[in-house]
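Each remark here refers to the structure printed beneath this line.
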Amino acid sequence: MDLAAKDKKYVWHPFTQMKDWAKEDILVIERGEGSYLIDTQGRRYLDGVSSLWCNVHGHQVPEIDQAIEDQLGKIAHTTFLGLTHPSAILLAEKLVKLNPGLSRVFYSDSGSEAVEIALKMAFQYWQHRGLRKKSKFVRLKHAYHGDTIGAVSVGGMDLFHEIFHPLLFKCFEAPSPYVYRWPKGGPPVKVRDGALSALESILKKNHREIAALIMEPLIQGAAGMITQPKGYISAVRKLTRRYNVLLIFDEVATGFGRTGTMFAYEQERAVPDLLTLAKGLTGGYLPLAATLASEEIYKAFLGNYKEFKAFFHGHTFTANPLACRAAIASLELFEKRGLLDLIQKRIAQTQKRWAAFKELSIVGDIRQAGLMIGIELVQNQKTKQSFDLKEQIGVQVIRRARAKGLILRPLGSVIVLMPVLSMSEEEVEKLLDITYESIKETNDSLSVFRRRGSVLRRKSLRL
Ligand SMILES: *Cc1c(COP(=O)(O)O)cnc(C)c1O
C-alpha cells in the first residue's frame, strides 16, 4: 500500500470531511526547502499559506535547524512544573523585552491553549481582587480563537461552533467593524465609530460582570481576514480602561511580523493586559505558545501558599526545550536578516497588484494587514451577494492554484494569502500570478456557465 492509501486507511484529518478526502488526490508532503513544499513524487509547491500561517523564515533554515540540534545534544524535554531550563528562561526574557508593558510569560503548546490560559487568568484575577461578579467575556462577531471548549465559547463562527452550543459558556458579542459588510454601509470611520459605540453600550451596561474583552488586533484572521479601521484598537483600549475591563489581544496569527510590525498592537500603541502568541513564535517549526501578562495581573496571584492563589494550569510538554530553542533562533533571525524591513517591501509589492484583481467580476473585496491578505469572492460585485458555501468557490480556486504549483487554503469564499515572511520578490510575484490566474479561470468558467444558463432560460421561455 502506498502512503496516500495508508493515510486514507488510518488517519482522521482536522477540519476535514473525510468522505471527500477518501476520494481526493491527496498530496503527501515529504520535504520543505525555503518557501517550497516538496511531495513524495518530487513535485514542488510554493507555500502560499505559510504551512497554516506559522512559517516565518522558510523551511530547513540552517540557523534554526542548528539551534534545535544543539538543544538535542543537551536535552529534548524536561518538565517546567517545579523545574526550569535555559532556553525557556532566555526566550521569556526576549519576549518581555519585545513587549514593554507586559512582564511575565506563561508557556503552553498551542494557540487555543494560550487563549484558554488568558481567559482563566482574567477570570481568576478578578476573583483575587474580590470582584467576584466579573466573570464574563466579550467577543467580536465572527471571532475565532481556537477550537478547545473555552476558546470556542469566545468564538463567534457559527459554522464551527453551533453544534457545541450546549457545552459553551455565554458571552457578550460586540459587532466586528467589517467595513465591506457593515449593514448600513458607510466609510471606515463611520463603521469604526458605530462598532465602538455598540461596544461601549455593552461595557457601560454590564461592566460589573465582565472580566475581559478578547479580540484579534488590526485583523480578524480565520473570521475571513476582516481588517479593522484605523483608530479602532486604540479606542478599544481606552474603552476597556474606562470600564475596568481587561483587554486580551489574541496575536496568535498576527504576531511575529505578520502585519508588518513585530506585533499588531504596536501600530496603535494599544498595549493589552494579556497577549496570546503561538503560530509564528518558533518560526513555524515546533508547537509552542505563550500568554504574556501585565505585572498588575501577575501580582494579584501572589500570596501565601495556603491562600491557594497560584495559577493551576500546566501541561506535560509546557515550555518544551526544543521549541523554546527554535523560538530564540527565529527571533535572532528577525534581527540578523532585517526581516521587518524586508516585509515592508513585500507589502508594497502586493499592493501594486490589487487593481488588476479587482477587475475580475467575482472579486468583491481585498483586505490586507501587512502580509495577511484576504480576497473575498462574491457572485455580484454591485450587490455583494455571497456565494453559497456549498458551491465551494474557494476550493475551486485553490484546486486550480495547486495544479499550477501553489498551495493555498481558503476560508469559505475568502482566498487567503499568507506568504512565508521571508519570501523573495520573485516568489511573491509568482504567488500573485498564480492566484490571479486561478481566480480568473474560476471567474471565466462561471461566466460561461451563467451565459449558458441564460440562453437555456430564454429558449425555454420561447417554447
Ligand atoms: C490559529 C489561531 C488560534 C488557535 O491556535 P492553534 O495553535 O491552532 O490552537 C487562536 N487564535 C487565533 C487568532 C488563531 O489564528
Side-chain angles (χ1 to χ4, degrees), residues 13-16 49-56 106-122 137-157 159-161 164 168 171 176 178 212-228 233 236 247-259 263-265 272 274-292 313 315 317-320 323-324 326-327 330 367 369-374 409-412 414 416-418 421:
H13 284 265
F15 286 93
T16 301
V49 286
S50 295
S51 292
L52 217 71
W53 311 8
C54 62
N55 194 282
V56 175
F106 195 101
Y107 290 111
S108 56
D109 310 332
S110 70
S112 303
E113 201 195 342
V115 167
E116 298 287 337
I117 289 165
L119 299 175
K120 286 172 78 177
M121 279 181 176
F137 294 90
V138 186
R139 64 163 183 246
L140 291 192
K141 196 170 167 61
H142 311 298
Y144 178 80
H145 295 290
D147 55 16
T148 51
I149 295 297
V152 170
S153 294
V154 293
M157 286 176 86
L159 176 64
F160 298 166
H161 301 157
F164 297 111
L168 309 178
C171 287
S176 161
Y178 190 174
L213 162 66
I214 179 165
M215 67 168 64
E216 289 178 86
L218 295 191
I219 180 167
Q220 286 180 279
M225 299 293 164
I226 303 172
T227 46
Q228 298 157 356
I233 61 167
V236 165
L247 178 60
I248 304 168
F249 274 159
D250 179 355
E251 293 227 32
V252 167
T254 53
F256 302 102
R258 188 46 70 180
T259 68
F263 302 103
Y265 75 80
L274 291 156
L275 175 70
T276 59
L277 303 172
K279 291 188 168 92
L281 172 56
T282 59
Y285 256 65
L286 286 163
L288 181 69
T291 305
L292 273 64
H313 189 110
H315 291 204
F317 288 103
T318 293
N320 173 261
C324 289
S330 171
R367 299 182 286 271
L371 288 178
M372 215 168 152
I373 297 154
R409 184 172 167 86
L411 290 162
V414 176
V416 173
L417 301 182
M418 284 279 231
L421 292 180

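First listed ligand is number 1; within each ligand, the first listed atom is number 1.
- Residue A278 does not touch ligand 1, judged by heavy-atom distances below 4.0 Å.
- Counting heavy atoms from C-beta on, the side chains of S330 and T282 never come closer than 4.5 Å.
- Counting protein heavy atoms only, atom 11 (N) of ligand 1 is closest to D250 OD2, 2.7 Å.
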R258/S50 under side chain to side chain donor-acceptor pair (under 3.5 Å): CA gap, chis, key distance, verdict | CA-CA 11 Å; R258 188 46 70 180; S50 295; 3.0 Å; yes
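- Taking every non-hydrogen atom of S110 and a distance limit under 4.0 Å, the qualifying atoms of ligand 1 come out as 7 (O), 9 (O).
- Distances below 4.0 Å separate heavy atoms of E216 from the following atoms of ligand 1: 13 (C).
- Closest to atom 15 (O) of ligand 1 among all protein heavy atoms lies K279 NZ, 2.6 Å.
- Those atoms of ligand 1 with a heavy atom of H145 less than 4.0 angstrom away are 10 (C), 11 (N).
- Taking every heavy atom of G146 and a limit of under 4.0 angstrom, the matching atoms of ligand 1 come to 4 (C), 10 (C).
- Put simply, the side chain of M215 does not reach to within 4.5 Å of the side chain of D250, judged on heavy atoms.
- Of all the heavy atoms of E113, none lies under 4.0 Å from any atom of ligand 1, so neither backbone nor side chain is involved.
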Candidate pair F263 and F249, rule ring pair (Phe, Tyr, Trp, His ring centres under 6.0 Å), full reasoning | CA-CA 10 Å; F263 302 103; F249 274 159; over 10 Å; no
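- A distance-only check finds a donor-acceptor pair linking the side chain of R139 to the backbone of S153 [under 3.5 Å].
- Among protein heavy atoms, atom 6 (P) of ligand 1 sits closest to G111 N, 3.4 Å.
- Set against the non-hydrogen atoms of A253, the atoms of ligand 1 under 4.0 Å away are 15 (O).
- Using a 4.5 Å cut-off on side-chain heavy atoms (C-beta onward), R367 and I373 make no contact.
- In terms of protein heavy-atom proximity, atom 8 (O) of ligand 1 is nearest to S112 OG, 4.5 Å.
- Within the 3.5 Å criterion, the main-chain N or O of P217 finds no donor-acceptor partner in the side chain of Q228.
- The backbone N or O of Y178 sits nowhere less than 3.5 Å from a side-chain atom of Q220 that would complete a donor-acceptor pair.
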